[in-house]
Amino acid sequence: MRGFGDLETEVMHRVWDHDGPVTVRELFDELRGQRPIAYTTVMSTMDNLHRKGWLNRDKDGKAYRYTAVASRDEYSARLMREAMAEAGDTEAVLSHFVAQMDGEESAVLGEVLRKLAGGERA
Amino acid sequence: MRPALALFGYALAVSWSLPPLLARLTGRGVSVRLGLAAWLSAMASALMAAGLGIQSLFGTVRADWPSLTRAVCRSVAGDACTPVVYRSALYELGVGACALLVSAAAVVAVWRYGRRTRRGRTRSRAHARAALLAGTPLPGTGAVVLPDPRPAAYCVPGRPAAIVLTTGALNVLDGAQLAAVLAHERAHLSGRHHALVLVTRGLAAALPGVPLFTRGAAEVARLAEMSADDAAARASGRPTVVAALLAIGTRTAVPASALALARVPSSLLSMLPGRADAGLAAAGYAVPARVERMLRSPRPVRDAALGFALAVAAIALAAMPVVLAAFAG
């Protein structure tokens, strides 16, 4: 993991960990306990995440209050739907270690496993 | 006219007759790199021949069209056909319509290619980005974990690219198998296999129904898998790769010690579809064929001969369009 994207990940995870809306100041106070970081860095990171459609924000007095657009579970489910789609359903170039298999291929593979595991039993 | 006909004939032959032959040579993944080179060379060769053919055709039309239209015109209208008739409107219309048709077809193909590859890149980047944000980093691996009971492991290109594992995959893989899976996915990313897949899929979308590109895209993807398997086998050993394939594929834990790999080959290999050349390329047997390939013992002389044949084919295919354009005229 590298660079600025790291911080975006950390900020997203912390926003998800909060039940309600969170301000830049609150997240800055949390992060400052972990590592040296500038307030403006946290602010621009959250602004980026808002611009990229990951965070919603509402003006509350002088500050913005941020909430995640969707929960972490919702994003995971969406990613899995795309990843597990039948071949050709998605245009993303996902290289699966083992591609989605039809019933026949699964059966052949199960048979291979039985033979390999059971030696010459057949 | 002759160079154009020769080039078009060659492009058609390469596009329709070559794929089954090439699939036989490359299907078993004996020489992955040369196999990839042969497929890509064949695709480039067909496209180049078609391009040179079109160019040559337009040259002929420009040079000989007046006499051609005059002959057609005279045979229909006899003496009523004067130079005024066949020189002006017919000439312009004929050339214009021909050029328009060919250009329209080319534009449609290019547009389809562009749309497919652009969407592929955008969707991939969005997926990688979302996976890196929503996933839990797996320490020391650079991979992220997403919660799902179905075992799956994949990589997706982006800025940066992502390697994704499901919790289901972590449940069925032991440490060595996980390392093999990660080596496989890293090989895809460092080998830029996704770029090959993106381009060949784009060509298949641009020229639907042309076997060289539709089947070629599938074969290139298969060869990329085999190439990544080889990288994983170098890092973790073939038995571990086999165990990992079986674990993810059957969704059960497969302790490497449970596999009696030393005794298996003859009885097992006869059962796998990989032995039948016809069934081999069927996409549905991709995973059993990869298992078979990992277990097969190498046959140095035959493999070297096959590699040599593929290298010769790749070079000949690359050179052919230019040779035809130069000598057919």
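Just so we're clear, the structure is a prediction, and the values are computed from it rather than from any experiment. Chain naming here is simple, since letters A, B, ... match the order of the sequence lines and numbering starts at 1 in each.
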*Asks:* When you check the gap from the basic side-chain N to the acidic O, do B/Arg119 and A/Glu91 get nearer than 4.0 Å?
*Replies:* yes
*Asks:* Nearest 0.5 Å, what's the CZ-CG distance between B/Arg251 and A/Leu109?
*Replies:* 11.5 Å
*Asks:* So, do B/Leu295 and A/Leu116 sit near enough that their side-chain heavy atoms are less than 4.5 Å apart?
*Replies:* yes
*Asks:* Which residues pass the side chain to side chain donor-acceptor pair (under 3.5 Å) test with B/Arg234, sequence neighbours left out?
*Replies:* none
*Asks:* In Å, rounded to the nearest 0.5 Å, how long is the span from CZ of A/Arg114 to CG of B/Leu246?
*Replies:* 11.5 Å
*Asks:* Provide the closest heavy-atom pair for A/Val93 versus B/Ser124 in the form atom of the first, atom of the second, distance.
*Replies:* N-OG, 2.7 Å
*Asks:* Could you look at B/His194 and say if it's the side chain, the backbone, both or neither that has a heavy atom under 4.5 Å from chain A?
*Replies:* both
*Asks:* Looking at A/Arg78, A/Arg72, A/Met12, which one has more heavy-atom pairs under 4.5 Å with chain B than the rest?
*Replies:* A/Arg72
*Asks:* If I compare all heavy atoms of A/Phe97 with all of B/Val241, which pair ends up nearest, and what's the gap?
*Replies:* CZ-O, 4.4 Å
*Asks:* Identify the two heavy atoms, one from A/Ser95 and one from B/Glu225, that lie closest to each other, and give their separation to 0.1 Å.
*Replies:* CB-OE2, 4.4 Å
*Asks:* Could you tell me which portion of B/Thr136 (side chain, backbone, both or neither) has an atom closer than 4.5 angstrom to a non-hydrogen atom of chain A?
*Replies:* both
*Asks:* Any side-chain heavy atom of B/Leu133 within less than 4.5 Å of one from A/Lys52?
*Replies:* no
*Asks:* Around atom CZ of A/Arg32, are there more than 12 heavy atoms of other residues, nucleotides or ligands at under 6.0 Å?
*Replies:* yes
*Asks:* Measure up the A/His96 and B/Tyr154 rings against each other and bin them: parallel (under 30°), tilted (30 to 60°), perpendicular (over 60°).
*Replies:* tilted
*Asks:* Counting heavy atoms not belonging to A/Asp19, are there more than 12 under 6.0 Å from its CG?
*Replies:* no
*Asks:* Show the nearest heavy-atom pair for residues A/Met80 and B/Asp148, with the distance to one decimal.
*Replies:* CG-OD2, 3.3 Å
*Asks:* Between B/Arg201 and chain A, with a heavy-atom cut-off of 4.5 Å, which part of the residue counts as in contact: side chain, backbone, both or neither?
*Replies:* side chain
*Asks:* If you look at every heavy atom in B/Ala152 and A/Met84, which pair is closest and at what distance?
*Replies:* CB-CE, 3.5 Å
*Asks:* If you define the side chain from C-beta out and look only at heavy atoms, does anything of A/Glu8 sit under 4.5 Å from B/Arg129?
*Replies:* yes
*Asks:* Which answer fits B/Ala244, side chain, backbone, both or neither, if we ask what part of it has an atom under 4.5 Å from a heavy atom of chain A?
*Replies:* both
*Asks:* Let me know if B/His188 has heavy atoms under 4.5 Å from chain A in its side chain, its backbone, both or neither.
*Replies:* side chain
*Asks:* For atom CZ of A/Arg25, decide whether the heavy atoms of other residues, nucleotides or ligands shown that lie under 6.0 angstrom number more than 12.
*Replies:* yes
*Asks:* Among the options B/Thr252, B/Val156, B/Leu245, pick out the one with the most heavy-atom pairs lying under 4.5 Å from chain A.
*Replies:* B/Leu245
*Asks:* Using a 4.5 angstrom heavy-atom cutoff, name the option from A/Ala83, A/Ser71, A/Ala99 with the most pairs to chain B.
*Replies:* A/Ala83
